[in-house]
Amino acid sequence: MNFITEATVKAVKHLYNTDIAAADINLQETRKEFEGQLTIITFPFTRFSKKSPEQTGTDIGAFLQNELAEVSGFNVIKGFLNISLADSYWVNQLYTEISSDKFAVSEPNGKKVMVEYSSPNTNKPLHLGHVRNNLLGFSVAEILGAAGYEVIKANLVNDRGIHICKSMLAWQKFGNGETPESSGMKGDHLVGKYYVIFDQEYKKQIEELRTAGQTEDDAKKNAPVIKEAQDMLLKWEAGDEAVIGLWKTMNKWVYTGFAETYRKMGVTFDKFYYESDTYLLGKDIIEEGLEKGVFFKKDDGSVWIDLTADGLDEKLVLRSDGTSVYITQDMGTAQLKYNDFHMDKSIYVVGNEQDYHFKVLFLILQKLGKAGADGLFHLSYGMVDLPSGKMKSREGTVVDADDLMAGMEDAAKQQALDIGKMEGFSETEKEHLYHTIGMGALKYFLLKVDPKKRILFNPQESIELQGHTGPFIQYTHARIKSVLNKAGFKGKGAEGNYTALEPAERDIIVLLTQFPEIIKNAAESYSPAIVANYVYELAKAYNKFYQDTPILKVDDENVKQFRLQLSAATAKVINKAMKLLGIEVPERM
RNA sequence: GGUCCCAUAGCUCAGCUGGAUAGAGCAACAGAUUUCUAAUCUGUCGGUCUCAGGUUCGAAUCCUGAUGGGAUCACCA
């Protein structure tokens, strides 16, 4: 809508002899209850027009109508100048801009961005919280790609540490050689089972020690199983063959399980990092920081950074025994990633309980003057909680990712069978459709909400399939496809002479023209929710149009062709927008 | 205690860098199918935008403070 703002600048210059910047013009969509599609707010102009807002609007409106062929009319209400653009303009937009192959396709901007997400621990299966993380990360990566970035999707796997030793130890003690094959369990679930068993055993031993008179803290330290697990970790670090062998075996089980979950979820990665490779990194950066005076050493040999001037605390970056802490490792990994890809931006998709950690990490890297430090961003999202409280893997109070996805498919199946429109589908088509709809519902449910907000998930009230949901949008797409197929509509139709648009038609075109801007906004704010809410508006507008406007049943061939073109363009944008959310749209449902 | 995030209809959420009478979905109620897919559409009901100040022509939006909820402040990861 540049030409409107440009002409308005001209109008202000001509009428009031004042220079204003295009950015000073407040141009917005006209509210539905008024006539017009674009609105300019005239209050700010009254300062130099020295006239009432109404008169100012009228003056500018008249100028614009006179100046621009596209402007077919205007009205002024209070200080709002509502501009109507000619139907011919909107029809032309549909046939040229929107129907072009280049529509909403950004030129590569020459910039690289890494999106790190998922980042699972290999001691337990993925749960609902991970699902939000994965869907967010994948979608943000898609959106950045659509906005012109070269995107690297990275997964930093936390494959070592005390938590993995716990699973390993419990398996050794109580597993009796159980394997995914022998038990028929998915590998990650099998390993997760032993993580829970460890915790039960641990708790039992703590209880025993306490009844024997120890304090809770002592009991926690002295329980035999925790000592054994710590022992195992030391052996792992020393490269003990038996421990490493078990570790590799059990991790492999987990990876096979994860691969299956990722496939179902529809997320992918370009690059895997493993903490077993990176956990020793970062010590050279400690040296560097000491030399630069960013860090300081205390008498006991521990290394710190003082962030009190930045409103934070003093933070330990290296233990007195010279070993790394979490943040040391993360500094090293950041360096490693940058060396690998030299990306301009690096997005960490991690829950908001680590807000403080990333604030500190980024600040340190900036103070060290690290390349790429300015492009770091923590995409922080709220936890997914259950009505019963926080999810805890150890206690088994989690909504398992695999169970959840299977449950969604079941719900989709049940719904489809209730409606009873599955005839003409083969068995494999049916299965695929249930999966598409179930996942569509789940993904949309988690992505339509602003990432910052925490989600309260109630398993009893299953995720909706009607209303503001993924399936609603999928259904709209299927509907359009059905019409297009019946008409034998292929690609771009001949441009008709249709110039008397129905309001519903105009609304759709206006929405379609906004798509490129939506992608841009979503990319800048790393928010799939913007895309999700947009595509819902579009689907709603189309359904309204569909309900009371005949497409195939009109006699006038020009009108029919136009409506088919409009439908095809809508289907395309729905498809594309849903793809940015990682959601498939079916041809029929 | 310090810091950060959140608070909008009974429930789940939109509301972009301040703009018109604060919008959707669900739930409840009433309607629409001889018509291209009714997983749809239309209507009714539902609000002191947590509270109190401030900024200004104008505040759900920006600022300050309070209240409520969550997170975090380990020589854990």
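When reading the values below, keep in mind they use all heavy atoms of this one structure, side chains included, and skip hydrogens, waters and symmetry mates. Since the model is a prediction, treat every value here as computed from it, not as a measurement. Letters go in sequence order (proteins before strands), and every chain restarts at 1.
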At 4.0 Å (heavy atoms only), tell me whether [X] reaches a base, stays on the sugar-phosphate, or touches nothing.
X: A/D310; answer: nothing
X: A/S525; answer: nothing
X: A/N158; answer: sugar-phosphate
X: A/E537; answer: nothing

Spell out, as yes or no, whether a donor-acceptor pair under 3.5 Å connects the side chain of [X] to the backbone of [Y].
X: A/H130; Y: A/H127; answer: yes
X: A/T58; Y: A/E54; answer: yes
X: A/N133; Y: A/V349; answer: yes

Going by distance alone, is a donor N or O of one side chain under 3.5 Å from an acceptor N or O of the other, for A/E557 and A/Q561? yes
> Going by distance alone, is a donor N or O of one side chain under 3.5 Å from an acceptor N or O of the other, for A/N543 and A/R479?
Replying inline: yes
When you get a sec, tell me which of [options] is the closest nucleotide to the side chain of [X]?
X: A/Q354; options: B/rC57, B/rA77, B/rC26; answer: B/rA77
X: A/Y356; options: B/rU3, B/rA77, B/rC73; answer: B/rC73
X: A/L316; options: B/rC73, B/rG19, B/rC75; answer: B/rC75
X: A/N543; options: B/rU40, B/rG19, B/rA24; answer: B/rU40
X: A/F34; options: B/rG25, B/rC75, B/rA20; answer: B/rA20
X: A/R319; options: B/rC76, B/rA24, B/rA20; answer: B/rC76

When you compare [N] with [M], how far apart are their [atom1] atoms, in angstrom units rounded to a whole number?
N: B/rG54; M: B/rC6; atom1: P; value: 25 Å
N: B/rG19; M: B/rU64; atom1: C1'; value: 24 Å
N: B/rC62; M: B/rC16; atom1: P; value: 9 Å
N: B/rA60; M: B/rA9; atom1: P; value: 15 Å
N: B/rU8; M: B/rG70; atom1: P; value: 15 Å
N: B/rG10; M: B/rU55; atom1: C1'; value: 35 Å
N: B/rG46; M: B/rG25; atom1: C1'; value: 14 Å
N: B/rG53; M: B/rC49; atom1: P; value: 13 Å

>> I want to check one thing: is the phosphate of B/rG23, taken as OP1 and OP2, less than 4.0 Å away from some side-chain N or O of A/R31?
In response: yes
A/I473 atom CD1 is separated from B/rG25 atom P, nearest whole Å, by 13 Å
Closest to the 5' end of RNA chain B, once A/I162 and A/K32 are matched to their nearest nucleotides, is A/K32
Taking for A/D300 and for A/T469 the nucleotide of RNA chain B with the nearest heavy atom, the one nearer the 5' end belongs to A/T469
* Would you indicate whether the side-chain heavy atoms of A/H163 and A/N158 approach each other to under 4.5 Å? => yes
- Task: Anything under 30° is parallel, anything over 60° is perpendicular, the rest tilted; go ahead and classify A/F80 against A/F43.
- Result: perpendicular
Taken to the nearest 0.5 Å, the spacing of A/R160 CZ from A/T122 OG1 works out to 10.5 Å
Protein-proximity profile, nucleotides 29-39 of chain B, B/S/- by nucleotide at the 4.0 Å heavy-atom cutoff, equals ------SBBSB
For nucleotides 10-16 of chain B, 5' to 3', base contacts (B), sugar-phosphate-only contacts (S) and non-contacts (-) with protein non-hydrogen atoms under 4.0 Å give ---SS--
Here the side chain to side chain donor-acceptor pair (under 3.5 Å) pairs for residues 526-539 of chain A, sequence neighbours left out, are A/K345-A/Y526
Under 3.5 Å, which N/O atoms of the protein pair with N/O atoms of nucleotides 43-47 of chain B?
none

Per the 3.5 Å Watson-Crick/G-U criterion and a run length of at least three, the stems involving RNA chain B are B:1-7 with B:67-73, B:10-13 with B:23-26, B:28-32 with B:40-44, B:50-54 with B:62-66
Under 5.5 Å centre to centre and under 30° between planes: does that hold for A/F80 and the six-membered base ring of B/rA20? yes
Across all chains, not counting sequence neighbours, the ring pair (Phe, Tyr, Trp, His ring centres under 6.0 Å) partners of A/Y434 are none
message = Can you see whether A/F489 has A/R563 sitting over its ring - NZ or CZ less than 6.0 Å from the centre and within 45° of the normal?
response = no
